[in-house]
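Following: one structure in structure tokens, then a few remarks.
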There are 2 protein chains.
Amino acid sequence: MTKYVKKICEIVEQSYSHMTAEQVFQALRQVYPTVVLATVYNNLNRLCDMGLIRRVTQEGMPDRYDRIQRHDHLVCKQCGKLLDVDLTDLTEQFQKQVGVPILAYDLKLMYICEDCKNKK
Amino acid sequence: MTKYVKKICEIVEQSYSHMTAEQVFQALRQVYPTVVLATVYNNLNRLCDMGLIRRVTQEGMPDRYDRIQRHDHLVCKQCGKLLDVDLTDLTEQFQKQVGVPILAYDLKLMYICEDCKNKK
DNA sequence: TCTCCTTTTTAGAATGATTCTAATTTCATT
DNA sequence: AATGAAATTAGAATCATTCTAAAAAGGAGA
């Protein structure tokens, strides 16, 4: 656990904004001005592998990083904006239905956000 | 609806293998040997916009294209292999829980496939 | 059939997020 | 102080995808 790993983990966990690697980099630079983007990528990968943060992959945009605590996402179909939602955990139910051990699941609910609804 | 759009749509719908753009391109070349990759991308995008096929985005690998008929996916956490599963449609339930109109949802169940389990 | 206009296709360059490589630095341990 | 392992760095490389501008194809009317 280097200072970079620790700080990056903090940044991701404390932000509820699903930051991109670039944004994490900018935030980290406030504290460690000499750090380099590759280090951020390295450590984000490391943290994902360790299961301390999770990666959110969405079509047409860079990956985002999110706290690990179980929750699902509302995704605007127009602009891609991401919102957290707390739905009940369905792992058990899914596992029963498919008959193999489910380690986790990734659920995205597509909708049209207020901004996009108004723009139309 | 050009011949390319039509054929690409057919290829994607009839393959249950979640093809990449490159794979669709290879398949299309069997029929139209002079076609170009950019055309495949153009038309895959068009078909997605029209809602005739859907894109499956997964971390660390090129996008795949899938028939539109409602179904969910089992994803191997190790190798990324994709399997179709037919779970009950939960749109209604989710919509009630979040209180906004849900247009669709994207559900991926993470597991470890037999191959990867054995490799360990 | 010829003309005009729109849409599609093409070739190839450009983009951009992410990874890779090899060198350097850091850090813990002896 | 010396060794070795792990982390960081700079910068090049990768690769899926998009973009650009030009060429080709298609379709509707005269």
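A, B, ... follow the sequence lines: proteins, then strands. Residue 1 opens every chain.
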Between [N] ([atom2]) and [X] ([atom1]): distance, integer Å:
X	N	atom1	atom2	value
A:Gln58	C:dG16	CD	P	19 Å
B:Lys3	C:dT10	NZ	C1'	13 Å
B:Phe25	D:dA16	CZ	C1'	14 Å
A:Leu37	C:dT18	CG	P	9 Å
A:Leu44	D:dA7	CG	C1'	15 Å
A:Tyr32	C:dT25	OH	P	20 Å
B:Asn42	D:dC19	CG	P	10 Å
A:Leu28	D:dA7	CG	P	16 Å

Using a cut-off of less than 4.0 Å, is there contact between a side-chain N or O of [X] and OP1 or OP2 of [N]?
X	N	answer
B:Tyr4	C:dT10	yes
B:Thr39	C:dT10	yes
B:Tyr41	C:dT10	no
A:Asn43	D:dA7	no
B:Thr2	C:dT9	yes
A:Arg46	D:dT8	yes

Subject >> Heavy-atom pair with the smallest gap, counting every atom of A:Gln58 and A:Gly80 >> reply: NE2-O, 2.9 Å
Subject >> Approximate separation, where rounding is to 0.5 Å, of A:Ile102 CD1 and A:Leu90 CG >> reply: 12.0 Å
Original post:
What is the ring orientation for B:Tyr105 with B:Phe94, classed by angle as parallel under 30°, tilted 30 to 60°, or perpendicular over 60°?
Top reply: perpendicular
Original post:
Going by atom types only, do A:Arg54 and A:Tyr65 share a side-chain donor-acceptor pair under 3.5 Å?
Top reply: no
**OP:** Give one of base, sugar-phosphate or nothing for A:Thr34, where a contact means two heavy atoms less than 4.0 Å apart.
**Re:** sugar-phosphate
Original post:
When all nucleic acid strands are considered with a 4.0 Å heavy-atom cut-off, which category describes A:Val5: base, sugar-phosphate, or nothing?
Top reply: nothing
Subject >> side chain to side chain contact (heavy atoms under 4.5 Å, CB included) assessment of B:Lys81 paired with B:Val75 >> reply: CA-CA 6 Å; B:Lys81 197 189 299 163; B:Val75 180; over 6 Å; no
